[in-house]
Amino acid sequence: MCGFAGVIDFSASVDVDEVARMSELIAHRGPDDSGLHSEPGVALGARRLAIIDLSPAGRQPFSDESGRYQLVFNGELYNYRELRAELEGRGHRFRTETDTEVLLSSYLEWGDRCTEHFNGMWAFVIWDSAERRAFGSRDRFGEKPFYYRRTNGRLTVASELKAFRAAGVSLRANERVVRDYLAHGLVDHGAETFFAGILQLPPAHSMTFSSRGLEIKPYWKLEPHDPPEEPTASLRDLLLDSIRLRLRSDVPVGTCLSGGIDSSAIVTGADHILRRDAQSAAALGGRIKTFTAFFEDREIDERPYAEAVVRQVGADGHFVSFSGRELVEALPSIVEAQDEPFRSTSIAAQWFVMREARSEGLKVMLDGQGGDELFAGYHGYLGFFFANLLLEGRLRELAAEIHAHRRLQTAGAGQLVAALARPFVPASVAWRVRASANGSAALLGPAVRHGAFSAPRSSSQFPDRFRRQLHLVLTTRLPELLHYEDRNSMTHSLEARVPFLDHRLAELAFSLAARDLIRGGKSKFVLREALNGLLPETVRSRTTKLGFETPEARWLRGSLGVMAADVFHSRSLSERGFVDAHAAQRRLDLHRRGTLSAGFELWRALNLELWARTFLDR
């Protein structure tokens, strides 16, 4: 696990000191070691967070014995032991115990198709000094960041956007992305970033850069295929194997625990492995350490569920909370860590959890991201499930599911009608109606008020609306959550691993019929069945879905609201023109007086200005 920065230029010299400064700006990603490689037209820098093989042998940039190839690598190949054995059988010899060397040897064996053999998370660049060619890649789901800027024959790359401050780049706002964020809450839904001219390599894509130019290609995608004969047993086995692989570490490992099904499955799955195969779970240290964010607000307090998991596995449970005042004090650090504006204060809760985990001596954390996206955990999937049943003429089953959902979720008739209608409304219309209804459209300032909006669309080949929606959320919403996961962990020099995002699990999930995922009014049906006997029953059978919430509305009536009022009345916000200052002031005033219950739109307006001050005004 590391961070990297580099410049490749086929027409001009490269300033090695510039790359060294870029690397220094992301030193938190790798405080254990650092390195630089330079040759005419090329400079690569790396910071190392030592996780596998803690010796200096893992220093990056990492080269083959001939010195022809130089690798900078951020991530982990969880199947590196199996790959190493296969490569040794093909004649490769190894001088370290690192997965870094396995990655480079895989490239030497299979070339650009090496990524097809990887089970893990990664962003890397391999420079071939003989061919004068760079090959880079990003993992299938976008767990690890990969940013780049191309100007003529020059390519600048980095693991975090803040590194470009040292690359002679004038950081300017991408107003189209700013508008999509303010109006629709979209972040990381495409290749563009909040900074004009700086892009990100899409998940599941690789790139090559040479004197002939830059080429970007996909190497993996989800496609329709037949389900396994025993979906429940297959899912259970695959999930446990994914957790087992992600427990491979030479440093201590802990787990996040929200109290939801997904993070609870990771904790109880890790405990299952610990009790039956202690060697594979040695990094847990004999007793799992869990970390849970909580708030006293009864409607969002998930402690009873988390405590049930802690009791069952005998975990060393840590419970983390913070006030609105503490949030305001920490915001400058959180905004700096994230690089781009974020959608809600729940991201701050994760930041506090990761800080606590690092203070307890951990260097790796497992988390439950991806379970909702793969197994239909969000309420928004329900309408697409209903649409499938309607279009297939399964009216009796549709009526039964609607009845079950109303019984479990106490949903009103209006909510169900809206859910069923949503799949048949053009996406662009649905997005605009939502922005108008929740008040976010009214907050757009003169600089971003006008312009075309292209609603995110699924590029999947799945024939039914339900799985196309699953794919859309997986490819446009999940990268945002993984962005937060990466920055919140790495700013504390901590590696986050997400067992649900094993590509084998994703392929299994997308092979299943909709009724395997939603049945009897319950989401994640097949996952719940697979976890029978592992999860406490109170967690396995719960039907509430909170989504890692914070008391944002209450904070905006307290310390955070005081801060927001100051920001909304500031000259910088008004002159910048991103946010309509008067509209923001009015909406905040109504919210603070209790006349209106504002949503995430006020936070986005506040966070955008804090980001602009941090990155654009510096």
Side-chain angles (χ1 to χ4, degrees), residues 173-194 196 340-344 373 378-387 390 411-412 414-460 465-466 468-481 547 552-553 568 573 576-588 590-591 596-609 611:
N174 183 332
E175 292 184 353
R176 179 167 55 251
V177 173
V178 168
R179 182 173 59 250
D180 288 352
Y181 167 75
L182 267 181
H184 306 291
L186 289 169
V187 179
D188 271 307
H189 59 295
E192 293 187 78
T193 71
F194 277 80
E340 296 182 287
F342 46 99
R343 289 212 305 166
S344 77
E373 290 75 14
Y378 298 126
H379 291 313
Y381 293 124
L382 193 67
F384 293 87
F385 173 62
F386 289 162
L390 178 65
Q415 291 174 293
L416 290 169
V417 169
L420 185 55
R422 184 184 169 197
F424 301 99
V425 176
S428 58
V429 173
W431 282 96
R432 286 190 173 89
V433 168
R434 188 182 302 117
S436 177
N438 64 27
S440 56
L443 296 180
L444 292 174
V448 296
R449 188 169 292 149
H450 306 289
F453 170 67
S454 297
R457 296 181 183 277
S458 173
S459 60
S460 79
R465 294 171 186 248
F466 178 75
R468 287 201 298 272
Q469 182 66 13
L470 275 179
H471 186 270
L472 178 66
V473 174
L474 186 75
T475 54
T476 62
R477 172 81 169 105
L478 182 62
E480 173 194 351
L481 301 180
E552 190 167 285
F568 292 164
L573 180 134
R576 207 180 306 279
F578 295 160
V579 175
D580 184 318
H582 295 298
Q585 293 162 16
R586 286 196 303 271
R587 195 164 184 83
L588 176 63
L590 290 171
H591 177 82
L596 170 77
S597 183
F600 297 144
E601 74 281 359
L602 282 179
W603 164 257
R604 293 201 299 269
L606 168 61
N607 187 218
L608 180 65
E609 176 61 18
W611 166 79

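Not measured: the values here are computed from a predicted model. Sequential numbering from 1 along the given sequence is applied to the chain's residues.
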Engineer: For L186 and F453: C-alpha separation, side-chain torsions, deciding distance, then whether side-chain contact (heavy atoms from CB on, under 4.5 Å) applies.
Structural biologist: CA-CA 11 Å; L186 289 169; F453 170 67; 3.7 Å; yes

Engineer: Using side-chain heavy atoms (C-beta onward) and a distance below 4.5 Å, is E552 in contact with S344?
Structural biologist: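 Yes; the side chains approach each other to less than 4.5 Å.
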
Engineer: Who are the side-chain hydrogen bond (donor to acceptor under 3.5 Å, both in side chains) partners of R465, not counting sequence neighbours?
Structural biologist: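 For R465 there are no side-chain hydrogen bond (donor to acceptor under 3.5 Å, both in side chains) partners, ignoring immediate neighbours.
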
Engineer: Are side-chain heavy atoms of E609 and F568 found at a separation under 4.5 Å?
Structural biologist: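 No; the side chains remain at least 4.5 Å from each other.
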
Engineer: Check whether the ring centres of F342 and W603 lie less than 6.0 Å apart, and answer yes or no.
Structural biologist: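 Yes, the ring centres sit under 6.0 Å apart.
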
Engineer: Supply the atom-to-atom distance H184 NE2 to R604 CZ, rounded to the nearest 0.5 angstrom.
Structural biologist: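 Atom-to-atom, H184:NE2 and R604:CZ are 9.5 Å apart.
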
Engineer: Going by the rule side-chain contact (heavy atoms from CB on, under 4.5 Å), which residues pair with A583 if we only count those two or more places apart in sequence or in a different chain?
Structural biologist: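 Once residues adjacent in sequence are excluded, the partners of A583 under the side-chain contact (heavy atoms from CB on, under 4.5 Å) criterion are L443, D580, R586.
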
Engineer: Give, for atom CD of E340 and atom CG of N607, the distance between the pair rounded to the nearest 0.5 Å.
Structural biologist: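 The CD atom of E340 sits 11.0 Å away from the CG atom of N607.
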
Engineer: Which residues pass the side-chain hydrogen bond (donor to acceptor under 3.5 Å, both in side chains) test with D188, not counting sequence neighbours?
Structural biologist: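 Per chain and number, D188 pairs via side-chain hydrogen bond (donor to acceptor under 3.5 Å, both in side chains) with Q200, H483.
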
Engineer: Not counting sequence neighbours, list each pair that qualifies as a side-chain hydrogen bond (donor to acceptor under 3.5 Å, both in side chains) and has a residue in residues 435-445.
Structural biologist: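 Checked against side-chain hydrogen bond (donor to acceptor under 3.5 Å, both in side chains) - neighbours excluded - the pairs reaching residues 435-445 are N438-S440.
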
Engineer: Might you point out which heavy atoms bring V178 and F578 nearest each other, and give the distance in Å?
Structural biologist: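 In terms of heavy atoms, the two residues are closest at CG1-CG, 4.1 Å.
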
Engineer: Holding to salt bridge (Lys or Arg N to Asp or Glu O under 4.0 Å), I want the full list of residues that pass it with E192, two or more places apart in sequence or in another chain.
Structural biologist: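 Salt bridge (Lys or Arg N to Asp or Glu O under 4.0 Å) list for E192, sorted by chain: R176.
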
Engineer: If the condition is ring-ring contact (aromatic ring centres under 6.0 Å, His included), which residues does Y181 pass it with, not counting sequence neighbours?
Structural biologist: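 Residues passing ring-ring contact (aromatic ring centres under 6.0 Å, His included) with Y181: F194.
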
Engineer: Sequence neighbours excluded, which residues qualify as side-chain contact (heavy atoms from CB on, under 4.5 Å) partners of A553?
Structural biologist: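 In terms of side-chain contact (heavy atoms from CB on, under 4.5 Å), with neighbours along the sequence ignored, A553 is linked to R557, H591.
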
Engineer: Hey, does the side chain of R449 reach the backbone of G577 with a donor-acceptor pair shorter than 3.5 angstrom?
Structural biologist: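 Looks like no, no N/O pair under 3.5 Å.
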
Engineer: So, for R587 and A598, which heavy atoms are closest and what is the spacing to 0.1 Å?
Structural biologist: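 The pair with the smallest heavy-atom distance is NE-CB, 4.4 Å.
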
Engineer: Can you sort out the partners of S458 under side-chain hydrogen bond (donor to acceptor under 3.5 Å, both in side chains), two or more places apart, ordered by chain and number?
Structural biologist: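 For S458 the side-chain hydrogen bond (donor to acceptor under 3.5 Å, both in side chains) partners, ignoring immediate neighbours, are S460, H471.
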
Engineer: Restricting to non-hydrogen atoms, name the atom on L608 and the atom on P341 that form the minimum distance, rounded to 0.1 Å.
Structural biologist: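 The answer is CD1-CG, 3.9 Å.
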
Engineer: Taking only residues two or more places apart in sequence, or in another chain, which ones meet E373 in a salt bridge (Lys or Arg N to Asp or Glu O under 4.0 Å)?
Structural biologist: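 If we apply the salt bridge (Lys or Arg N to Asp or Glu O under 4.0 Å) test to E373, skipping adjacent residues, there are no hits.
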
Engineer: If only atom types and distance count, is the side chain of N174 paired as donor or acceptor with the main-chain N or O of T193 below 3.5 Å?
Structural biologist: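 Yes, the answer is positive, given that a donor and an acceptor are paired below the 3.5 Å cut-off.
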
Engineer: Mind checking whether R576 and L573 have side chains closer than 4.5 Å, heavy atoms only?
Structural biologist: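 A side-chain contact under 4.5 Å is absent here.
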
Engineer: If you compare all heavy atoms of D180 against all heavy atoms of H189, which two are closest, and at what distance to 0.1 Å?
Structural biologist: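 Minimum heavy-atom separation between D180 and H189: OD2-NE2, 3.4 Å.
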
Engineer: Quick one: salt bridge (Lys or Arg N to Asp or Glu O under 4.0 Å) pairs with a partner in residues 471-481, sequence neighbours left out?
Structural biologist: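 Every salt bridge (Lys or Arg N to Asp or Glu O under 4.0 Å) pair that includes a residue of residues 471-481, provided the two are not neighbours, is R343-E480, R477-E480.
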
Engineer: Just verifying a value: how many Å separate L606 CG and W611 CH2, rounded to the nearest 0.5 Å?
Structural biologist: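 Here the interatomic distance stands at 14.0 Å.
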
Engineer: Between A435 and A183, what is the shortest heavy-atom contact and its length?
Structural biologist: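 Closest approach of A435 to A183: CB-O, 3.3 Å.
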
Engineer: Check P456 against T476 and note the closest heavy-atom contact, atom names and distance.
Structural biologist: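 That closest heavy-atom pairing would be CB-CG2, 4.0 Å.
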
Engineer: Can you give the donor-acceptor pairs under 3.5 Å from side chains of residues 424-434 to other protein atoms, not counting sequence neighbours?
Structural biologist:
none

